[in-house]
Amino acid sequence: MAADTAIFDVDGTLVDTNYHHALAWFRAFRRYDVTLPVWRLHRAIGMGGDQLVAAVAGERVEEEHGDGLRAAWAEEFQPLLKEVQPFEGVRELLTDVRERGFTVVLASSGKPDHVDAYLDLFGGRELCEAWTTSEDVEQTKPAPDLLVVALEKVGGRSAVVVGDSVWDFEAAGRAGFPGYAIRTGGFSVEELEESGAKEVFDSLPELREQLDRTDLAGT
């Protein structure tokens, strides 16, 4: 079935946040005397907070401190939010994809106030038909739920996913959607391809330049 919907991840794909998130998680874990290398935390960015704690620190830490850690992460990230910037070419890419006949929807596992701030950065409300937040699902990426809900929000038939992390493409694979990766999240080409990305681009402008040979070419 030909895709009629383009689902874009937000953190690390449209806005430059992955390393801010890694630092905020590092500080949150330190509150509970758990010290994790920042590079290892970065490898988990792209998961939602409901998945990340157990993935990086184990089930015991999740059971004992999961909710507290997520609250601490939110507190640590809040001062960094004002430093977040959109990546080059966001508006141009989303506009081009819309003009090619796709419904554009954002699949974010971010907190609602964070997503609101990101939308303000690149005029997302006028470019996208809908978006998700962490409140829309019980399980975030790499579970496929966010992508499924995003598609349902716009009444789409099938989708193409654009993301930056291996977790985006694990989720896309489980949902049965093809996807294209942007390296802006800090993952390698090989990692992104192995997780299911059909192709990897260095930037949003590069993807836009190559749209004609992707599943986002339009009709």
Side-chain angles (χ1 to χ4, degrees), residues 7-81 83-84 106-118 131-150 152 161 163-177 179 181 184-188 191-192 194-197:
I7 300 178
F8 285 83
D9 172 62
V10 182
D11 279 284
T13 301
L14 302 183
V15 293
D16 191 3
T17 56
N18 281 18
Y19 295 96
H20 301 71
H21 282 306
L23 184 58
W25 277 114
F26 173 81
R27 292 171 175 169
F29 277 106
R30 287 288 295 148
R31 292 193 191 186
Y32 290 87
D33 296 321
V34 178
T35 302
L36 297 170
V38 178
W39 74 266
R40 193 172 295 281
L41 289 165
H42 168 259
R43 313 312 294 168
I45 300 301
M47 291 183 176
D50 61 310
Q51 309 272 357
L52 184 144
V53 174
V56 299
E59 291 292 343
R60 181 176 177 180
V61 174
E62 166 61 36
E63 291 171 5
E64 294 180 354
H65 305 300
D67 290 342
L69 280 162
R70 282 179 282 276
W73 160 78
E75 292 176 3
E76 294 289 355
F77 184 73
Q78 194 62 36
L80 301 174
L81 186 59
E83 300 179 14
V84 172
L106 308 182
S108 172
S109 59
K111 291 169 62 65
D113 57 323
H114 294 173
V115 176
D116 283 342
Y118 302 153
W131 47 87
T132 68
T133 73
S134 57
E135 295 186 352
D136 287 309
V137 294
E138 292 185 5
Q139 280 195 311
T140 57
K141 302 168 191 173
D145 305 30
L146 275 170
L147 302 180
V148 173
V149 169
E152 290 174 348
V161 174
D164 70 286
S165 77
V166 295
W167 316 113
D168 291 322
F169 302 104
E170 286 195 21
R174 294 178 185 180
F177 303 150
T184 45
F187 291 86
S188 72
E191 288 174 307
L192 293 164
E194 287 174 6
S195 66

Partners passing side chain to side chain donor-acceptor pair (under 3.5 Å) against [X] (at least two apart in sequence or in another chain):
X	answer
Glu75	Arg31
Asp67	Arg70
Ser165	Asp168

Separation between [atom1] of [X] and [atom2] of [Y], rounded to the nearest 0.5 Å:
X	Y	atom1	atom2	answer
Phe187	Phe169	CZ	CZ	10.5 Å
Leu69	Glu76	CG	CD	11.0 Å
Ser188	Glu194	OG	CD	7.5 Å

Side-chain contact, heavy-atom cut-off 4.5 Å: [X] with [Y]?
X	Y	result
Leu36	Phe26	no
His42	Val38	no
Leu14	Leu106	yes
His21	Trp73	yes

Side-chain donor or acceptor of [X] paired with backbone N/O of [Y] under 3.5 Å:
X	Y	result
Asp145	Val137	no
Arg40	Val56	no
Ser108	Val10	no
Ser195	Leu192	yes

side-chain contact (heavy atoms from CB on, under 4.5 Å) partners for [X], two or more places apart:
X	result
Glu83	His20, Leu80
Asp136	Thr132, Thr133, Val149, Lys153
Ala71	none

For the residue pair [X] and [Y], what are the closest heavy atoms and their distance?
X	Y	value
Ala171	Pro144	O-CB, 3.6 Å
Val115	Gly110	CG2-O, 3.9 Å
Ile7	Ala107	CG2-CB, 3.5 Å
Ala117	Leu81	CB-CD2, 4.1 Å
Ala172	Val161	CB-CG2, 4.0 Å

Could you tabulate the donor-acceptor pairs under 3.5 Å formed by side-chain atoms of residues 45-53, not counting sequence neighbours?
from  : atom 1 : to     : atom 2 : distance (Å)
Asp50 : OD1    : Thr140 : OG1    : 2.3
Asp50 : OD2    : Thr140 : N      : 3.2
Gln51 : NE2    : Thr140 : O      : 3.3

Under the salt bridge (Lys or Arg N to Asp or Glu O under 4.0 Å) test, which residues partner [X], sequence neighbours left out?
X	value
Asp164	none
Glu191	Arg43
Glu64	Arg60

>> Checking Lys111 against Phe77 for the side-chain contact (heavy atoms from CB on, under 4.5 Å) test, could you report, in this order, the C-alpha distance in whole Å, the side-chain angles of both residues, the deciding distance, and whether it holds?
In response: CA-CA 11 Å; Lys111 291 169 62 65; Phe77 184 73; over 6 Å; no
> Which residues satisfy the ring-ring contact (aromatic ring centres under 6.0 Å, His included) test with Tyr118, sequence neighbours excluded?
Replying inline: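 Residues passing ring-ring contact (aromatic ring centres under 6.0 Å, His included) with Tyr118: none at all.
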> When the ring planes of His65 and Tyr32 are compared, do they come out parallel, tilted or perpendicular, using 30° and 60° as the limits?
Replying inline: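 The arrangement is tilted - the two ring planes meet at 30° to 60°.
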> Do any pairs count as a salt bridge (Lys or Arg N to Asp or Glu O under 4.0 Å) and have a residue in residues 9-26, sequence neighbours left out, and if so which ones?
Replying inline: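 As it turns out, the salt bridge (Lys or Arg N to Asp or Glu O under 4.0 Å) pairs with a partner in residues 9-26, which skip direct neighbours, are Asp9-Lys141.
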